[in-house]
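Please read the structure below before turning to the comments.
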Amino acid sequence: MKKQTAIFMLTLLLISLVSISFVQGKVGSDKQGTDIAPKGIMNKTPKLVTGNVSEWRVKTTQRIINKIGSAGEFMQGLSEKQTNIFLHLSRAQQKGILSMDNESALQAMKKFSLKLVNKSFMFKKRIIAANKLGEAKQNYAKAGQNYLKALNSYKDAKANFTEAKEKLRECKNVDSDDCNELRKRAQNHSTEMIINSANMIIEHLNKIKEKVDSSETMNETRAEEIISEIDGYTSELENAINKTKSAETKDEIKEAAKTVSKLWIKIRNRERLHAASVVNAREWGIIKRSEHLEKRLDQTLAKMEEHGINVTEINEKINEFSAKVNESKTKYELAQNLTDGAYLEENKENLKEMVDEAKQLINESHEALKEANRMLVEIVKDIKAAGGEIAPEEETEEEEYEVVEEEN
Amino acid sequence: MKNKIMIILTLTIITMFFVAGCTKTKIQPTTPTQPTPEDTGDETVNGLSTDISSIEIIDDDLDTQDLDNLSQDLNDLDW
């Protein structure tokens, strides 16, 4: 019995020793996250700690630098101003620079500068009055209804026209009342088709116009250009409708149909370009907000570390989130360059190709953004599960520093 | 004999507690194919999810597939 008790006690001791060493190992790894490593920027550039840079920015950068061996040399080569800029870059941007050789990285840093931005304009390119936004929303819905109405009428007219045309096959060289009635019906239905097709285009353009008019993420100049162009097209289409209404002969109707057809060919890729611009402008707003949110997550992590919470896994997820947002931003910028170029393009074929490519990039940017958002939702859940809380939006200051990248 | 059984049982229970206690609890990832934005409890995050979904709606709504054959129809208008 004594022997058995001794074995039992020894086993218990062994088990507790294993668990103690396991727990100690965990605590040790937690501590590493908050310690300032010897190659850390706090040691290399002590000016940061006394400067106006928030400590959470230093901590975030520290985590990234710790993983890259050559980072210390790079940080030493930065001026105080550049170090400040570097600290304001997103994680993905920091990683991108640190993956370069020292000389290229220092060169890349020259493209960036810090700009003080009014918070109202952080995610917007212009401010639109609330009543104007409401009005645009109503007009958009109305244009959508009118478009559907015109589409249905067009389809009906087309079906009726096709039916009349079929019956007219038997009226070749026949001058009967029935055949004349059929000819009249075909003429009326074709007129309806032309008028409704023009109305469909007008209402579709109205939808784009209302979206442009209410887009706070599109710059004023581009918005004005698009609206003015759409107004011009609308006026041409209304003239075509009037011409169709006054057409009396078959030839006049056919001529009116050709006019609307030509107009649509002219408008087609321009309206696709405008619609792509509306969507890309929205993507811009979401990318900016996601980048800003990354900073709030960094603040959150710094707070959690202060409370002794292990943030290693969440930190990795934020790195992935930052990389996805950066991927989306890169695609957005490529799409933006393409659309900017497309606005100056006069060749129809080239314009079509540019719009197709831009739309593809916008889709890719959007997919990356969706993926980033899925990661974000997961990060928020993880933070809450670990006992953390997302750092609230700072509402005290009206202005905030933002990194500006000089265009090539 | 009775004591032996007791010891074995106690040891088994302790080992089970130990294993269960040290197993890392994994947070289940969000289903990637979630169609509707999830409520995270954070206004900004929720707003982002909603706006991302709304982009797709606008993109679809401004699509002009209905008008693809318009020019063809009008050019062929003859009877």
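Letters A, B, ... mirror the listed sequences (proteins, then strands); counts begin at 1. These numbers come from the heavy atoms of this one structure, side chains and all, not from hydrogens, waters or symmetry mates.
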Legend entry - Heavy-atom neighbours of A:Glu252 CD exceed 12 at 6.0 Å: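 It does: A:Glu252 CD has more than 12 such atoms within range.
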
Legend entry - Within 6.0 angstrom of B:Glu56 CD, more than 12 heavy atoms from elsewhere: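 For B:Glu56, atom CD is crowded (more than 12 foreign heavy atoms under 6.0 Å).
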
If you look at every heavy atom in [X] and [Y], which pair is closest and at what distance?
X: B:Leu74; Y: A:Val260; result: CD1-CG1, 3.7 Å
X: A:His204; Y: B:Asp63; result: CE1-O, 4.4 Å
X: B:Ile52; Y: A:His366; result: O-CE1, 3.2 Å

With chain B as the partner, which of [options] has the greatest number of non-hydrogen pairs under 4.5 Å?
options: A:His274, A:Lys155, A:Lys158, A:Arg169; result: A:Lys158
options: A:Val279, A:Val380, A:Ile286, A:Leu293; result: A:Ile286
options: A:Gly144, A:Ser190, A:Ala186; result: A:Ser190
options: A:His292, A:Arg289, A:Met375, A:Lys262; result: A:Arg289

Proximity breakdown for [X] and chain B, heavy-atom pairs closer than 4.5 Å:
X: A:Ile253; answer: side chain
X: A:Glu271; answer: side chain
X: A:Ile194; answer: both
X: A:Lys384; answer: side chain

Inset, instruction - Say whether B:Asp73 and A:Tyr154, considering side chains only, have a donor N or O and an acceptor N or O under 3.5 Å apart. - result: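 Side-chain D/A pair, B:Asp73 to A:Tyr154: present.
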
Inset, instruction - Indicate whether any N or O donor in one side chain lies under 3.5 Å from an N or O acceptor in the other, for B:Ser71 and A:Arg268. - result: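 There is no such pair (donor and acceptor under 3.5 Å, judged by atom type) between the side chains of B:Ser71 and A:Arg268.
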
Can you measure from [atom1] ([X]) to [atom2] ([Y]) and round to the nearest 0.5 angstrom?
X: B:Trp79; Y: A:Glu166; atom1: CH2; atom2: CD; value: 15.5 Å
X: A:Ser197; Y: B:Leu77; atom1: OG; atom2: CG; value: 9.0 Å
X: A:Lys258; Y: B:Asn75; atom1: NZ; atom2: CG; value: 5.5 Å
X: B:Gln72; Y: A:Ile265; atom1: CD; atom2: CD1; value: 9.5 Å
X: B:Thr44; Y: A:Leu376; atom1: OG1; atom2: CG; value: 9.5 Å
X: B:Leu48; Y: A:Asn373; atom1: CG; atom2: CG; value: 6.0 Å

Electrostatic pair [X]:[Y] at N-O distance under 4.0 angstrom:
X: A:Lys165; Y: B:Asp78; answer: no
X: B:Asp42; Y: A:Arg296; answer: yes
X: B:Asp51; Y: A:Arg282; answer: no

Legend entry - Region of B:Asp68 in contact with chain A, defined by heavy-atom distances below 4.5 Å: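 The answer is both parts of B:Asp68.
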
Inset, instruction - Given side-chain contact (heavy atoms from CB on, under 4.5 Å), test B:Thr64 with A:Ile201 step by step and report yes or no. - result: CA-CA 9 Å; B:Thr64 46; A:Ile201 304 170; over 6 Å; no

Inset, instruction - Side-chain contact test, heavy atoms from C-beta onward, threshold under 4.5 Å: evaluate it for A:Ile362 versus B:Asp59 and give yes or no. - result: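 Side chain of A:Ile362 against side chain of B:Asp59, heavy atoms only: no contact under 4.5 Å found.
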
Legend entry - Contact check, side chains of B:Asp61 and A:Tyr147, non-hydrogen atoms, under 4.5 Å: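 A side-chain contact under 4.5 Å is absent here.
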
